[in-house]
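Below: the structure, in structure tokens.
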Amino acid sequence: MTVQLYNTATRRKEDFTPLDPAGRSVGMYVCGPTVYDLIHIGNARPQVVFDTLYRLLKARYQTVTYVRNITDVEDKIIARAKERGISIRDLTDETIAQYHRDVDDLGCLTPEVEPRATDHISQMIALIERLIARGHAYAAERHVLFDVPSWPNYGTFSNRTRDEQIDGARVEVAPYKRDPADFVLWKPAEAAEQGWDSPWGFGRPGWHIECSAMSSQYLGENFDIHGGGMDLIFPHHQNEVAQSCCGNPGSDFARYWVHNGYVMSEGEKMSKSIGNFYTVRELLDAFPGEALRLVLLKTQYRQPLDFSKAKLREAKAELDRLYGVLRDAPIKDGTGAVSDGVMAALSDDLNTPEALAELHKLRDKPADLKASAYMLGLLQQEPVAWFHGGAGATGPDVAEIEALIDERVAAKQAKDFARADEIRDSLKARGVVLEDKPGGVTDWRRD
């Protein structure tokens, strides 16, 4: 079964063939967070998309090296640390910890490598020096800039004309630039700011050079897959391609480029002013992470996604039904098989809606259901833990619930059905649903 991926670079769906001649190993680099604030629902989508691709690749290939970077040097980070009156390192460490908590709650596997930009300054400087030596960059007024006209292929990757490049680059207009489209590789910093010594003076790297340096450090000058959000195609990924190909002659950089689509929220562009801007953490405080993951998987990754809290509630109910299947038919780990239908759907450019439809066909095969759901990062909790800990585990605690269930059982035995109904209704009002089973057993779940 061949994996097919839509390649942004060629603008078509292609069979995926690894660079490894033996076809056993794959390298994938994905642009990670800039760590100055909590991630929001739009940031969550690539985490889930590329985690799903990672799961598919791991099922198909012997070795997968997944690299997801952390940008911990950037103007927004400096500004936020100053605003809060804390050190940059304290801010970035705190934000990285919050980020890890969020992606863990979304069910994302840990990448093999998670490099921080600040640990790779020497590699960035070395790449910039090669670009200067080969006539693709120049120093000017303590800056170093990439000379866009020096590479005739600039704009091919992003499919942008010269005017579109300048309009969309959002680059600073400065008198020291040779060309309006030239972008910064290194910028000066004051002594009190975050910075490093370099051949061009004390300063810090531009954003784009970071990913070029880190991807080549861990995956080589040529590697298989580069991923990120569609908003990164230009200028970030276009600039990565230019830097990497010019700094490493003969390199094609990444062979397959995979980009997820945009996220709307409640039918509109996310905005704090209209109240539809949601951080992942505030959503996870009210809903299980698995429900959020399911919402993100219900739309094929390249298509625009319209997120809503109503969809989260629907996803929670859908997961309740699937976990109910697993609860009612206990299975032993390792006894199930991944369905061919799920694998076929995921291999077809990560068609997660179709994979989810195939998953629902396995309701009469609980072991296969659980094994297949792993490929989507779903249904891996113990059913009891899911039902008892959902929705942020708000409401009465387990001991109180079980005591009330015991009281209800006693009331029914005493034929005090009014009291039994009162207990059931009061728990429901507090978000706990009782489910009477044959044999006098009562299960419960958080609604």
Quick one, [X] and [Y] - any side-chain contact, counting heavy atoms below 4.5 Å?
| X | Y | result |
| --- | --- | --- |
| Gln238 | Arg160 | no |
| Phe253 | Asn248 | no |
| Asn239 | Phe146 | no |
| Glu240 | Cys31 | yes |
| Cys211 | His236 | yes |
| Val184 | Val144 | no |
| Lys76 | Thr71 | no |
| Ile125 | Trp200 | yes |

Gap between atom [atom2] of [Y] and atom [atom1] of [X] - 0.5 Å precision:
| X | Y | atom1 | atom2 | value |
| --- | --- | --- | --- | --- |
| Lys309 | Lys316 | NZ | NZ | 16.0 Å |
| His136 | Leu185 | NE2 | CG | 12.0 Å |
| Leu106 | Leu283 | CG | CG | 9.5 Å |
| Trp386 | Arg327 | CH2 | CZ | 12.5 Å |
| Ile77 | Arg89 | CD1 | CZ | 11.0 Å |
| Gln300 | Asn260 | CD | CG | 10.5 Å |

Pair [X]-[Y], side-chain donor/acceptor within less than 3.5 Å:
| X | Y | result |
| --- | --- | --- |
| Asp51 | Tyr66 | no |
| Ser339 | Asp368 | no |
| Thr95 | Arg80 | no |
| Thr34 | Glu74 | no |
| Asn7 | Arg255 | no |
| Tyr36 | Glu83 | no |

Which pair of non-hydrogen atoms, one from [X] and one from [Y], has the smallest distance, and what is that distance?
| X | Y | result |
| --- | --- | --- |
| Cys245 | Ser251 | SG-O, 3.5 Å |
| Tyr138 | Tyr176 | CE1-O, 3.8 Å |
| Leu127 | Ala213 | CD2-N, 4.2 Å |
| Ile70 | His100 | CD1-NE2, 4.5 Å |
| Arg130 | Gly247 | NE-O, 3.1 Å |
| Pro149 | Asp179 | CG-OD2, 3.5 Å |

Fit a plane to each ring of [X] and [Y], take the angle between them on a 0 to 90° scale, and name the class: parallel (under 30°), tilted (30 to 60°) or perpendicular (over 60°).
| X | Y | result |
| --- | --- | --- |
| Trp257 | His259 | parallel |
| His237 | Phe157 | perpendicular |
| Phe307 | Tyr278 | perpendicular |
| Tyr323 | Phe387 | perpendicular |

Whether the side chain of [X] engages the backbone of [Y] through a donor-acceptor N/O pair (distance < 3.5 Å, no angle test) should be reported.
| X | Y | result |
| --- | --- | --- |
| Arg24 | Gln62 | no |
| Glu221 | Ser216 | no |
| Asp306 | Gly267 | yes |
| Asp105 | Gly289 | no |
| Gln380 | Leu378 | yes |
| Glu193 | Pro188 | no |
| Ser244 | Val241 | no |
| Tyr256 | Asp15 | yes |
| Asp224 | Pro18 | no |
| Gln243 | His208 | yes |

Can you name the one residue among Leu5, Leu56, Val342, Thr2 that meets side-chain contact (heavy atoms from CB on, under 4.5 Å) with Ser347?
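Per the side-chain contact (heavy atoms from CB on, under 4.5 Å) rule, the option paired with Ser347 is Leu56, out of Leu5, Leu56, Val342, Thr2.
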
In this structure, which one of Tyr61, Tyr54, Phe223 forms a side-chain contact (heavy atoms from CB on, under 4.5 Å) with Val26?
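The passing option is Tyr61.
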
Using salt bridge (Lys or Arg N to Asp or Glu O under 4.0 Å) as the criterion, point out the one residue from Asp37, Asp104, Asp102 that pairs with Arg281.
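Among Asp37, Asp104, Asp102, the one that satisfies the salt bridge (Lys or Arg N to Asp or Glu O under 4.0 Å) with Arg281 is Asp102.
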
When you check the gap from the basic side-chain N to the acidic O, do [X] and [Y] get nearer than 4.0 Å?
| X | Y | value |
| --- | --- | --- |
| Glu358 | Lys361 | yes |
| Arg116 | Asp72 | yes |
| Lys298 | Glu318 | yes |

How about [atom1] on [X], more than 12 heavy atoms from neighbouring residues, nucleotides or ligands closer than 6.0 Å, or not?
| X | atom1 | answer |
| --- | --- | --- |
| Glu94 | CD | yes |
| Asp340 | CG | no |
| Lys269 | NZ | no |

Hey, mind stepping through Leu350 and Val258 against side chain to side chain contact (heavy atoms under 4.5 Å, CB included) and telling me if it holds?
CA-CA 11 Å; Leu350 286 188; Val258 181; 5.8 Å; no

Candidate pair Glu210 and His120, rule side chain to side chain contact (heavy atoms under 4.5 Å, CB included), full reasoning:
CA-CA 8 Å; Glu210 298 176 11; His120 299 80; over 6 Å; no

Cationic tip of Arg68 within the cone over Phe50's six-membered ring, i.e. under 6.0 Å and within 45° of the normal?
no

So Val48 and Tyr301, side chain to side chain contact (heavy atoms under 4.5 Å, CB included) or not? Walk me through it.
CA-CA 9 Å; Val48 171; Tyr301 78 95; over 6 Å; no

Apply side chain to side chain contact (heavy atoms under 4.5 Å, CB included) to Leu376 and Arg55, showing your working.
CA-CA 8 Å; Leu376 293 156; Arg55 290 168 185 267; over 6 Å; no

